[in-house]
Amino acid sequence: MTHFSALSLLKNALTGQKNWQAQWPDSQPKSEYDVVIVGAGGHGLGAAHYLAKEHGITNVAVIDKGWLGGGNTGRNTTIIRSNYLYDESAKLYDHAVDLWEGLSQDLNYNVMFSRRGVLMLAHNVHDVQSFQRHIHSNRLNGVDNRWLTPQEAKEFCPPLNISPNARYPVMGGALQMRAGTARHDAVAWGYARSASQRGVDIIQNCPVTAIRRGPDGSVEGVETAKGFIRAKKVAVSAAGHTSVVMDSAGVRMPLESYPLQALVSEPIKPIFPCVVMSNTVHAYISQSDKGELVIGSGTDQYTSYSQRGGLPLIEHTVAAICEIFPIFNRMRMLRKWGGIVDVTPDRSPILGTTPVPGLYVNCGWGTGGFKATPGAAHTLAWTIAKGTPHDINAPFTLDRFRTGRLIDEAAAAAVAH
Amino acid sequence: MLLVHCPYCDETLPELEFTYGGEAHIARPENPADKTDDEWRDFLFIRTNVKGPHFERWRHAHGCGRFFNAVRDTVSDRFLTTYKADAPRPDLAVLLADASMKEPSK
(Lines give C-alpha, C1' and ligand atoms only; values in the text may rest on other atoms or scores of the structure.)
Protein backbone atom coordinates (compact mmCIF):
# COMPACT_ATOMS: atom_id res chain seq x y z
CA MET A 1 0.00 0.00 0.00
CA THR A 2 1.34 3.42 -0.97
CA HIS A 3 2.22 5.66 1.94
CA PHE A 4 0.82 9.09 1.12
CA SER A 5 3.41 11.86 1.39
CA ALA A 6 4.63 14.90 -0.52
CA LEU A 7 7.27 12.62 -2.03
CA SER A 8 4.73 10.02 -3.24
CA LEU A 9 2.61 12.81 -4.75
CA LEU A 10 5.63 14.18 -6.59
CA LYS A 11 6.74 10.74 -7.79
CA ASN A 12 3.29 9.96 -9.16
CA ALA A 13 3.01 13.40 -10.74
CA LEU A 14 6.22 12.73 -12.65
CA THR A 15 4.98 9.32 -13.84
CA GLY A 16 1.65 10.68 -15.10
CA GLN A 17 -0.48 9.52 -12.11
CA LYS A 18 -0.53 6.02 -13.61
CA ASN A 19 0.90 4.04 -10.70
CA TRP A 20 -1.60 4.65 -7.90
CA GLN A 21 -2.92 1.42 -6.41
CA ALA A 22 -6.50 0.76 -5.36
CA GLN A 23 -6.81 1.86 -1.74
CA TRP A 24 -8.59 -1.29 -0.62
CA PRO A 25 -9.59 -4.50 -2.38
CA ASP A 26 -13.26 -5.37 -2.81
CA SER A 27 -13.15 -8.55 -0.69
CA GLN A 28 -15.27 -11.66 -0.96
CA PRO A 29 -16.34 -13.20 2.36
CA LYS A 30 -14.45 -16.07 3.98
CA SER A 31 -16.45 -18.70 5.84
CA GLU A 32 -15.29 -17.56 9.26
CA TYR A 33 -13.94 -14.48 11.05
CA ASP A 34 -13.09 -13.61 14.65
CA VAL A 35 -15.24 -10.50 14.43
CA VAL A 36 -17.94 -9.45 11.96
CA ILE A 37 -19.03 -5.82 11.92
CA VAL A 38 -22.38 -5.08 10.28
CA GLY A 39 -22.31 -1.69 8.59
CA ALA A 40 -19.38 -0.13 6.71
CA GLY A 41 -19.89 3.48 7.70
CA GLY A 42 -17.35 5.56 9.58
CA HIS A 43 -18.30 3.93 12.89
CA GLY A 44 -18.01 0.32 11.65
CA LEU A 45 -14.85 0.85 9.59
CA GLY A 46 -13.34 2.84 12.44
CA ALA A 47 -14.01 0.00 14.87
CA ALA A 48 -12.23 -2.37 12.45
CA HIS A 49 -9.27 0.02 12.25
CA TYR A 50 -8.91 0.26 16.05
CA LEU A 51 -9.45 -3.50 16.49
CA ALA A 52 -6.55 -4.14 14.13
CA LYS A 53 -4.29 -1.33 15.24
CA GLU A 54 -4.77 -1.27 19.00
CA HIS A 55 -5.89 -4.80 19.83
CA GLY A 56 -4.14 -6.87 17.16
CA ILE A 57 -7.41 -8.42 15.98
CA THR A 58 -7.19 -8.51 12.19
CA ASN A 59 -9.36 -11.48 11.22
CA VAL A 60 -12.29 -9.10 10.85
CA ALA A 61 -14.94 -8.49 8.19
CA VAL A 62 -16.92 -5.30 7.78
CA ILE A 63 -20.07 -6.09 5.79
CA ASP A 64 -22.40 -3.59 4.19
CA LYS A 65 -25.59 -3.92 2.16
CA GLY A 66 -24.44 -1.08 -0.09
CA TRP A 67 -21.10 0.57 -0.72
CA LEU A 68 -18.88 1.73 2.12
CA GLY A 69 -19.66 5.17 3.48
CA GLY A 70 -22.87 5.25 1.41
CA GLY A 71 -25.25 5.65 4.33
CA ASN A 72 -25.32 8.39 6.91
CA THR A 73 -21.53 8.82 6.77
CA GLY A 74 -21.92 10.26 3.28
CA ARG A 75 -25.15 12.14 4.02
CA ASN A 76 -24.49 14.23 7.12
CA THR A 77 -23.47 17.88 7.43
CA THR A 78 -20.02 16.98 8.90
CA ILE A 79 -20.30 19.06 12.08
CA ILE A 80 -17.98 18.09 14.92
CA ARG A 81 -18.41 19.43 18.46
CA SER A 82 -18.48 18.18 22.04
CA ASN A 83 -20.38 20.85 24.01
CA TYR A 84 -22.91 18.44 25.50
CA LEU A 85 -24.53 19.07 28.88
CA TYR A 86 -24.05 15.88 30.86
CA ASP A 87 -20.75 14.51 32.18
CA GLU A 88 -21.14 11.17 30.38
CA SER A 89 -21.83 12.80 27.01
CA ALA A 90 -19.10 15.42 27.40
CA LYS A 91 -16.54 12.65 28.03
CA LEU A 92 -17.66 10.60 25.06
CA TYR A 93 -17.85 13.43 22.51
CA ASP A 94 -14.68 15.11 23.79
CA HIS A 95 -12.85 11.78 23.46
CA ALA A 96 -13.94 11.87 19.82
CA VAL A 97 -12.67 15.44 19.34
CA ASP A 98 -9.31 14.40 20.86
CA LEU A 99 -9.08 11.63 18.26
CA TRP A 100 -10.25 13.90 15.41
CA GLU A 101 -7.26 16.14 16.04
CA GLY A 102 -4.76 13.39 15.25
CA LEU A 103 -6.84 11.37 12.83
CA SER A 104 -5.21 12.43 9.55
CA GLN A 105 -1.76 11.44 10.92
CA ASP A 106 -3.09 8.24 12.47
CA LEU A 107 -4.63 7.14 9.17
CA ASN A 108 -2.07 8.70 6.81
CA TYR A 109 -5.15 10.10 5.10
CA ASN A 110 -6.25 13.70 5.00
CA VAL A 111 -9.69 13.82 6.64
CA MET A 112 -9.57 17.62 6.35
CA PHE A 113 -10.49 18.20 9.98
CA SER A 114 -10.97 21.94 10.28
CA ARG A 115 -11.27 23.53 13.70
CA ARG A 116 -13.20 26.52 12.47
CA GLY A 117 -15.43 26.85 15.55
CA VAL A 118 -19.11 26.07 16.05
CA LEU A 119 -21.35 28.95 17.10
CA MET A 120 -24.75 28.10 18.58
CA LEU A 121 -27.15 31.04 18.43
CA ALA A 122 -29.45 32.10 21.25
CA HIS A 123 -32.68 33.72 20.04
CA ASN A 124 -34.64 34.09 23.28
CA VAL A 125 -34.18 34.31 27.05
CA HIS A 126 -34.57 30.57 27.45
CA ASP A 127 -31.79 29.94 24.93
CA VAL A 128 -29.52 32.41 26.72
CA GLN A 129 -30.04 30.73 30.08
CA SER A 130 -29.72 27.19 28.82
CA PHE A 131 -26.58 27.91 26.72
CA GLN A 132 -24.94 29.62 29.67
CA ARG A 133 -25.73 26.56 31.76
CA HIS A 134 -24.12 24.43 29.02
CA ILE A 135 -21.05 26.66 29.05
CA HIS A 136 -20.61 26.30 32.83
CA SER A 137 -21.17 22.56 32.67
CA ASN A 138 -18.72 22.23 29.77
CA ARG A 139 -16.03 24.21 31.55
CA LEU A 140 -16.34 21.98 34.62
CA ASN A 141 -15.76 19.03 32.28
CA GLY A 142 -12.77 20.63 30.58
CA VAL A 143 -14.69 21.18 27.33
CA ASP A 144 -14.08 24.59 25.77
CA ASN A 145 -17.16 26.72 25.22
CA ARG A 146 -17.65 30.42 25.75
CA TRP A 147 -20.30 33.09 25.55
CA LEU A 148 -20.33 35.72 22.79
CA THR A 149 -22.39 38.89 22.81
CA PRO A 150 -24.31 39.64 19.59
CA GLN A 151 -21.52 42.05 18.49
CA GLU A 152 -18.84 39.44 19.20
CA ALA A 153 -20.88 36.86 17.31
CA LYS A 154 -21.11 39.24 14.34
CA GLU A 155 -17.34 39.78 14.40
CA PHE A 156 -16.79 36.04 14.45
CA CYS A 157 -19.33 35.40 11.68
CA PRO A 158 -19.81 38.53 9.54
CA PRO A 159 -22.79 37.31 7.44
CA LEU A 160 -24.88 37.11 10.63
CA ASN A 161 -27.86 39.48 10.96
CA ILE A 162 -27.87 40.85 14.53
CA SER A 163 -30.43 43.60 13.93
CA PRO A 164 -32.80 43.87 16.92
CA ASN A 165 -35.69 43.88 14.44
CA ALA A 166 -34.74 40.53 12.92
CA ARG A 167 -37.32 37.77 12.73
CA TYR A 168 -35.00 35.64 14.90
CA PRO A 169 -33.07 38.20 17.00
CA VAL A 170 -29.59 37.09 18.05
CA MET A 171 -29.22 37.54 21.81
CA GLY A 172 -25.77 35.98 21.91
CA GLY A 173 -24.18 32.64 21.22
CA ALA A 174 -22.10 29.80 22.61
CA LEU A 175 -18.83 29.26 20.76
CA GLN A 176 -16.75 26.10 20.86
CA MET A 177 -13.47 26.88 19.12
CA ARG A 178 -12.17 23.28 19.07
CA ALA A 179 -15.24 22.26 17.12
CA GLY A 180 -15.51 22.33 13.33
CA THR A 181 -15.98 20.07 10.34
CA ALA A 182 -14.21 17.22 8.52
CA ARG A 183 -14.51 15.65 5.07
CA HIS A 184 -17.06 12.87 5.67
CA ASP A 185 -16.13 10.61 2.73
CA ALA A 186 -12.45 10.81 3.61
CA VAL A 187 -13.23 9.53 7.09
CA ALA A 188 -14.83 6.37 5.70
CA TRP A 189 -12.12 5.96 3.04
CA GLY A 190 -9.26 6.61 5.47
CA TYR A 191 -10.55 4.07 7.99
CA ALA A 192 -11.29 1.57 5.19
CA ARG A 193 -7.81 1.90 3.73
CA SER A 194 -6.12 1.58 7.10
CA ALA A 195 -8.23 -1.39 8.24
CA SER A 196 -7.84 -3.16 4.92
CA GLN A 197 -4.07 -2.60 4.98
CA ARG A 198 -3.99 -4.43 8.31
CA GLY A 199 -5.90 -7.43 6.95
CA VAL A 200 -9.56 -6.53 7.48
CA ASP A 201 -11.97 -7.65 4.73
CA ILE A 202 -14.43 -5.03 3.55
CA ILE A 203 -17.40 -6.75 1.91
CA GLN A 204 -19.73 -4.43 0.04
CA ASN A 205 -23.13 -4.95 -1.58
CA CYS A 206 -23.81 -7.91 0.70
CA PRO A 207 -26.88 -7.43 2.93
CA VAL A 208 -26.81 -9.15 6.31
CA THR A 209 -30.22 -10.82 6.47
CA ALA A 210 -30.06 -12.24 10.00
CA ILE A 211 -27.87 -12.82 13.02
CA ARG A 212 -27.74 -16.52 13.91
CA ARG A 213 -27.62 -17.62 17.54
CA GLY A 214 -26.61 -21.04 18.86
CA PRO A 215 -28.50 -23.32 21.29
CA ASP A 216 -26.84 -21.61 24.27
CA GLY A 217 -28.06 -18.23 23.00
CA SER A 218 -24.67 -16.86 22.01
CA VAL A 219 -23.84 -15.52 18.57
CA GLU A 220 -22.78 -18.02 15.89
CA GLY A 221 -22.48 -15.72 12.91
CA VAL A 222 -24.45 -13.82 10.31
CA GLU A 223 -26.63 -14.90 7.39
CA THR A 224 -25.85 -12.79 4.35
CA ALA A 225 -26.74 -12.55 0.67
CA LYS A 226 -23.45 -14.36 0.04
CA GLY A 227 -24.12 -17.17 2.51
CA PHE A 228 -23.54 -17.84 6.19
CA ILE A 229 -20.44 -16.31 7.80
CA ARG A 230 -19.34 -17.78 11.12
CA ALA A 231 -18.15 -15.42 13.87
CA LYS A 232 -18.15 -15.60 17.65
CA LYS A 233 -18.37 -11.84 17.91
CA VAL A 234 -20.72 -9.67 15.88
CA ALA A 235 -21.01 -5.91 16.23
CA VAL A 236 -23.99 -4.10 14.74
CA SER A 237 -23.26 -0.56 13.58
CA ALA A 238 -26.12 -0.15 11.15
CA ALA A 239 -27.58 3.28 12.05
CA GLY A 240 -31.20 3.57 10.89
CA HIS A 241 -31.44 -0.16 10.18
CA THR A 242 -30.19 -1.30 13.60
CA SER A 243 -33.70 -2.27 14.79
CA VAL A 244 -34.16 -4.49 11.75
CA VAL A 245 -30.81 -6.28 12.20
CA MET A 246 -31.14 -6.63 15.99
CA ASP A 247 -34.68 -7.97 15.63
CA SER A 248 -33.24 -10.96 13.76
CA ALA A 249 -31.17 -11.77 16.86
CA GLY A 250 -34.28 -11.53 19.02
CA VAL A 251 -33.27 -8.23 20.64
CA ARG A 252 -35.89 -5.50 20.50
CA MET A 253 -34.42 -2.02 20.56
CA PRO A 254 -35.60 1.28 22.04
CA LEU A 255 -35.10 2.98 18.67
CA GLU A 256 -37.18 4.78 16.09
CA SER A 257 -35.88 5.60 12.61
CA TYR A 258 -36.58 9.02 11.11
CA PRO A 259 -35.55 10.74 7.88
CA LEU A 260 -33.10 13.61 8.42
CA GLN A 261 -32.53 15.97 5.52
CA ALA A 262 -29.71 18.17 4.33
CA LEU A 263 -29.08 20.29 1.27
CA VAL A 264 -26.29 22.18 -0.46
CA SER A 265 -26.23 25.38 -2.47
CA GLU A 266 -24.37 26.17 -5.64
CA PRO A 267 -20.64 26.64 -4.89
CA ILE A 268 -19.48 30.18 -4.12
CA LYS A 269 -16.23 31.81 -3.04
CA PRO A 270 -15.27 31.52 0.65
CA ILE A 271 -17.66 33.66 2.67
CA PHE A 272 -18.66 31.65 5.69
CA PRO A 273 -15.81 31.17 8.20
CA CYS A 274 -17.36 28.85 10.78
CA VAL A 275 -20.29 26.58 11.58
CA VAL A 276 -23.47 28.23 12.85
CA MET A 277 -26.24 26.26 14.48
CA SER A 278 -29.60 27.62 15.47
CA ASN A 279 -31.38 24.97 17.49
CA THR A 280 -34.45 27.05 18.11
CA VAL A 281 -35.25 27.43 14.43
CA HIS A 282 -33.56 24.16 13.42
CA ALA A 283 -31.00 25.33 10.92
CA TYR A 284 -27.34 24.40 10.68
CA ILE A 285 -24.98 25.92 8.14
CA SER A 286 -21.34 25.84 7.11
CA GLN A 287 -19.39 26.16 3.87
CA SER A 288 -17.59 23.19 2.37
CA ASP A 289 -14.14 23.39 0.83
CA LYS A 290 -15.81 23.06 -2.57
CA GLY A 291 -17.68 26.27 -1.77
CA GLU A 292 -21.19 24.91 -1.29
CA LEU A 293 -23.21 26.09 1.68
CA VAL A 294 -24.02 22.89 3.57
CA ILE A 295 -27.35 23.21 5.35
CA GLY A 296 -28.85 20.75 7.80
CA SER A 297 -32.49 20.46 8.71
CA GLY A 298 -34.43 18.70 11.47
CA THR A 299 -35.98 15.23 11.31
CA ASP A 300 -39.36 14.63 9.76
CA GLN A 301 -42.12 14.08 12.29
CA TYR A 302 -42.89 10.50 11.21
CA THR A 303 -40.75 7.34 11.27
CA SER A 304 -39.59 6.18 7.86
CA TYR A 305 -36.93 4.23 6.00
CA SER A 306 -37.50 6.12 2.75
CA GLN A 307 -34.26 8.24 2.71
CA ARG A 308 -36.28 11.15 1.30
CA GLY A 309 -38.19 13.26 3.80
CA GLY A 310 -40.71 16.00 3.10
CA LEU A 311 -40.27 19.41 1.53
CA PRO A 312 -41.94 21.40 4.37
CA LEU A 313 -38.86 20.86 6.55
CA ILE A 314 -36.53 22.12 3.86
CA GLU A 315 -38.72 25.18 3.36
CA HIS A 316 -38.72 25.89 7.08
CA THR A 317 -34.94 25.53 7.33
CA VAL A 318 -34.16 27.64 4.29
CA ALA A 319 -36.59 30.33 5.45
CA ALA A 320 -34.75 30.48 8.78
CA ILE A 321 -31.35 30.65 7.04
CA CYS A 322 -32.55 33.57 4.91
CA GLU A 323 -33.74 35.43 8.02
CA ILE A 324 -30.53 34.89 9.97
CA PHE A 325 -28.24 35.43 6.96
CA PRO A 326 -30.08 37.79 4.57
CA ILE A 327 -26.96 37.80 2.36
CA PHE A 328 -27.90 34.27 1.25
CA ASN A 329 -31.48 34.93 0.24
CA ARG A 330 -30.79 34.80 -3.51
CA MET A 331 -28.64 31.66 -3.38
CA ARG A 332 -29.79 28.69 -5.39
CA MET A 333 -29.89 25.25 -3.85
CA LEU A 334 -28.38 22.40 -5.85
CA ARG A 335 -29.30 19.17 -4.13
CA LYS A 336 -31.20 17.83 -1.15
CA TRP A 337 -31.21 14.34 0.30
CA GLY A 338 -32.21 12.35 3.35
CA GLY A 339 -30.62 9.78 5.63
CA ILE A 340 -32.32 7.49 8.12
CA VAL A 341 -31.30 8.18 11.69
CA ASP A 342 -31.97 5.92 14.67
CA VAL A 343 -33.25 7.93 17.61
CA THR A 344 -33.32 6.75 21.23
CA PRO A 345 -35.84 8.01 23.80
CA ASP A 346 -33.13 9.97 25.67
CA ARG A 347 -31.27 11.10 22.51
CA SER A 348 -28.05 9.45 23.72
CA PRO A 349 -26.42 6.54 21.90
CA ILE A 350 -26.38 2.88 22.87
CA LEU A 351 -22.82 1.62 22.76
CA GLY A 352 -21.47 -1.65 24.06
CA THR A 353 -22.60 -5.12 25.08
CA THR A 354 -26.10 -6.61 24.68
CA PRO A 355 -27.96 -9.39 26.55
CA VAL A 356 -26.76 -11.78 23.81
CA PRO A 357 -23.23 -13.16 24.43
CA GLY A 358 -20.93 -12.14 21.59
CA LEU A 359 -23.30 -9.47 20.22
CA TYR A 360 -22.28 -5.82 20.45
CA VAL A 361 -24.10 -2.73 19.30
CA ASN A 362 -23.29 0.85 18.39
CA CYS A 363 -26.46 2.76 17.56
CA GLY A 364 -28.91 5.43 18.63
CA TRP A 365 -26.75 8.35 17.53
CA GLY A 366 -29.84 10.00 16.16
CA THR A 367 -29.07 13.14 14.24
CA GLY A 368 -25.49 13.57 15.51
CA GLY A 369 -23.38 10.48 14.93
CA PHE A 370 -20.72 11.86 12.60
CA LYS A 371 -18.98 13.97 15.24
CA ALA A 372 -18.56 10.90 17.46
CA THR A 373 -17.14 8.63 14.75
CA PRO A 374 -13.58 8.14 16.11
CA GLY A 375 -14.67 8.09 19.77
CA ALA A 376 -17.47 5.60 19.22
CA ALA A 377 -15.30 3.39 16.99
CA HIS A 378 -12.39 3.50 19.44
CA THR A 379 -14.41 2.52 22.51
CA LEU A 380 -16.48 -0.04 20.56
CA ALA A 381 -13.26 -1.75 19.44
CA TRP A 382 -12.12 -1.88 23.07
CA THR A 383 -15.45 -3.43 24.13
CA ILE A 384 -15.36 -6.01 21.32
CA ALA A 385 -11.74 -6.93 22.08
CA LYS A 386 -12.11 -7.20 25.87
CA GLY A 387 -15.79 -8.18 26.09
CA THR A 388 -16.36 -5.45 28.70
CA PRO A 389 -17.38 -1.80 28.50
CA HIS A 390 -14.75 0.93 28.18
CA ASP A 391 -14.87 3.57 30.95
CA ILE A 392 -16.21 6.09 28.46
CA ASN A 393 -18.95 3.97 26.88
CA ALA A 394 -19.97 2.21 30.12
CA PRO A 395 -22.89 4.58 30.91
CA PHE A 396 -24.35 4.16 27.40
CA THR A 397 -25.78 0.69 27.99
CA LEU A 398 -28.90 -0.82 26.51
CA ASP A 399 -29.87 -1.72 30.07
CA ARG A 400 -30.36 1.93 31.06
CA PHE A 401 -33.86 1.81 29.61
CA ARG A 402 -34.70 -0.84 32.23
CA THR A 403 -32.87 0.70 35.18
CA GLY A 404 -33.96 4.24 34.36
CA ARG A 405 -30.41 5.68 34.38
CA LEU A 406 -31.08 7.68 31.21
CA ILE A 407 -28.62 10.23 29.86
CA ASP A 408 -31.30 12.67 29.04
CA GLU A 409 -29.80 14.99 26.44
CA ALA A 410 -33.30 15.21 24.94
CA ALA A 411 -34.59 17.09 27.96
CA ALA A 412 -31.41 19.13 28.24
CA ALA A 413 -32.86 22.20 26.60
CA ALA A 414 -31.55 23.50 23.29
CA VAL A 415 -29.61 20.38 22.45
CA ALA A 416 -29.31 19.78 18.80
CA HIS A 417 -27.58 16.73 17.44
CA MET B 1 -45.29 16.05 1.49
CA LEU B 2 -47.64 13.31 2.66
CA LEU B 3 -51.36 13.52 2.03
CA VAL B 4 -53.24 12.24 5.04
CA HIS B 5 -56.86 11.13 5.14
CA CYS B 6 -58.66 12.17 8.32
CA PRO B 7 -61.35 9.55 9.05
CA TYR B 8 -63.40 12.05 11.07
CA CYS B 9 -63.41 14.91 8.54
CA ASP B 10 -63.39 12.40 5.66
CA GLU B 11 -60.96 14.58 3.75
CA THR B 12 -57.45 14.01 2.40
CA LEU B 13 -55.26 16.93 3.41
CA PRO B 14 -51.59 17.99 3.47
CA GLU B 15 -49.33 16.61 6.18
CA LEU B 16 -48.86 20.12 7.62
CA GLU B 17 -52.36 19.95 9.11
CA PHE B 18 -51.40 16.88 11.12
CA THR B 19 -49.01 15.90 13.88
CA TYR B 20 -47.54 12.45 14.16
CA GLY B 21 -48.37 10.61 17.38
CA GLY B 22 -46.03 7.62 17.43
CA GLU B 23 -46.80 3.91 17.32
CA ALA B 24 -50.46 2.91 17.74
CA HIS B 25 -52.13 0.21 19.83
CA ILE B 26 -49.77 0.50 22.81
CA ALA B 27 -52.11 -0.05 25.73
CA ARG B 28 -51.44 1.55 29.09
CA PRO B 29 -50.88 -1.03 31.85
CA GLU B 30 -54.09 -1.73 33.74
CA ASN B 31 -52.30 -2.28 37.03
CA PRO B 32 -49.14 -0.16 36.90
CA ALA B 33 -47.98 -1.25 40.36
CA ASP B 34 -47.75 -4.89 39.23
CA LYS B 35 -45.39 -4.18 36.33
CA THR B 36 -41.76 -5.29 36.46
CA ASP B 37 -38.90 -3.08 35.26
CA ASP B 38 -38.71 -5.12 32.06
CA GLU B 39 -42.38 -4.54 31.36
CA TRP B 40 -42.05 -0.81 32.00
CA ARG B 41 -39.11 -0.65 29.60
CA ASP B 42 -41.14 -2.40 26.93
CA PHE B 43 -44.15 -0.15 27.46
CA LEU B 44 -42.24 3.15 27.61
CA PHE B 45 -39.32 2.69 25.26
CA ILE B 46 -39.38 -0.39 23.02
CA ARG B 47 -40.97 0.22 19.63
CA THR B 48 -41.38 -2.10 16.64
CA ASN B 49 -39.75 0.49 14.33
CA VAL B 50 -40.81 -1.77 11.50
CA LYS B 51 -39.48 -1.48 7.97
CA GLY B 52 -42.80 -1.97 6.20
CA PRO B 53 -46.44 -1.49 7.26
CA HIS B 54 -46.49 0.51 10.50
CA PHE B 55 -49.48 1.05 12.78
CA GLU B 56 -49.28 4.63 14.01
CA ARG B 57 -51.26 7.52 15.48
CA TRP B 58 -51.85 10.89 13.87
CA ARG B 59 -53.70 13.93 15.13
CA HIS B 60 -55.59 16.34 12.90
CA ALA B 61 -54.09 19.25 14.86
CA HIS B 62 -55.18 22.06 12.52
CA GLY B 63 -58.54 20.51 11.73
CA CYS B 64 -60.90 18.60 13.98
CA GLY B 65 -58.14 18.12 16.55
CA ARG B 66 -58.82 14.41 16.97
CA PHE B 67 -56.45 11.46 17.18
CA PHE B 68 -56.85 8.61 14.72
CA ASN B 69 -54.83 5.62 13.61
CA ALA B 70 -53.15 4.83 10.33
CA VAL B 71 -51.24 2.05 8.62
CA ARG B 72 -48.35 3.44 6.55
CA ASP B 73 -45.58 1.62 4.73
CA THR B 74 -42.34 3.07 6.13
CA VAL B 75 -40.42 2.18 2.96
CA SER B 76 -42.70 3.95 0.46
CA ASP B 77 -44.40 6.32 3.00
CA ARG B 78 -47.68 5.30 1.37
CA PHE B 79 -50.75 5.10 3.61
CA LEU B 80 -52.60 1.77 3.41
CA THR B 81 -55.50 3.07 5.46
CA THR B 82 -56.54 5.42 8.26
CA TYR B 83 -59.22 4.59 10.81
CA LYS B 84 -60.91 6.05 13.87
CA ALA B 85 -59.16 5.75 17.21
CA ASP B 86 -61.72 3.35 18.68
CA ALA B 87 -61.80 1.05 15.64
CA PRO B 88 -60.13 -2.36 16.00
CA ARG B 89 -56.69 -2.98 14.55
CA PRO B 90 -57.25 -3.84 10.87
CA ASP B 91 -56.08 -7.14 9.40
CA LEU B 92 -52.76 -6.45 7.71
CA ALA B 93 -53.12 -9.32 5.20
CA VAL B 94 -56.40 -7.86 3.91
CA LEU B 95 -54.91 -4.35 3.69
CA LEU B 96 -51.91 -5.59 1.73
CA ALA B 97 -54.12 -7.56 -0.65
CA ASP B 98 -56.27 -4.45 -1.23
CA ALA B 99 -53.19 -2.32 -1.79
CA SER B 100 -51.72 -4.70 -4.36
CA MET B 101 -55.04 -4.67 -6.29
CA LYS B 102 -54.95 -0.87 -6.40
CA GLU B 103 -51.31 -0.85 -7.50
CA PRO B 104 -51.06 0.56 -11.03
CA SER B 105 -50.22 -2.17 -13.55
CA LYS B 106 -46.58 -2.20 -14.54
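Residue numbering restarts at 1 for every chain, and letters A, B, ... go by the order of the sequence lines.
Ring geometry for A/Tyr302 versus B/Tyr20: interplanar angle over 60°, hence perpendicular rather than tilted (30 to 60°).
Each of B/Leu44, B/Leu16, B/Asp37 has some count of heavy-atom pairs under 4.5 Å with chain A, and the biggest count is that of B/Asp37. Interface check for chain B: of the options A/Gly310, A/Ser304, A/Gly404, A/Gly309, the most heavy-atom pairs under 4.5 Å are formed by A/Ser304. Annotation: maximal heavy-atom pairing with chain A below 4.5 Å, among B/Lys51, B/Arg41, B/Arg47, occurs at B/Lys51.
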(request) I would like to know whether B/Asn49 and A/Met253 meet side chain to side chain contact (heavy atoms under 4.5 Å, CB included); could you show each step before the answer? (result) CA-CA 9 Å; B/Asn49 198 24; A/Met253 299 297 288; over 6 Å; no
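Residues from residues 1-12 of chain B that place a non-hydrogen atom less than 4.5 Å from a non-hydrogen atom of chain A comprise B/Met1, B/Leu2, given in numerical order.
In this structure, no portion of B/Glu39 lies under 4.5 Å from any heavy atom of chain A. In this structure, chain B has no heavy atom under 4.5 Å from any part of A/Leu398.
To the nearest 0.5 Å, atoms OH (A/Tyr305) and CG (B/Asp73) are separated by 11.5 Å. In this structure, the separation between CZ on B/Phe45 and CZ on A/Arg400 is 9.5 Å, given to the nearest 0.5 Å. Going from atom CG of A/Leu255 over to atom OG1 of B/Thr48 covers 11.5 Å, rounded to the nearest 0.5 Å.
Other residues, nucleotides and ligands place no more than 12 heavy atoms under 6.0 Å from the CZ atom of B/Arg66.
Residues passing the salt bridge (Lys or Arg N to Asp or Glu O under 4.0 Å) test with B/Glu56, sequence neighbours excluded: B/Arg72.
Checking side-chain atoms of A/Glu256 against main-chain N and O of B/Gly22 turns up no donor-acceptor pair under 3.5 Å. No side-chain donor-acceptor contact under 3.5 Å links A/Ser306 to the backbone of B/Ser76.
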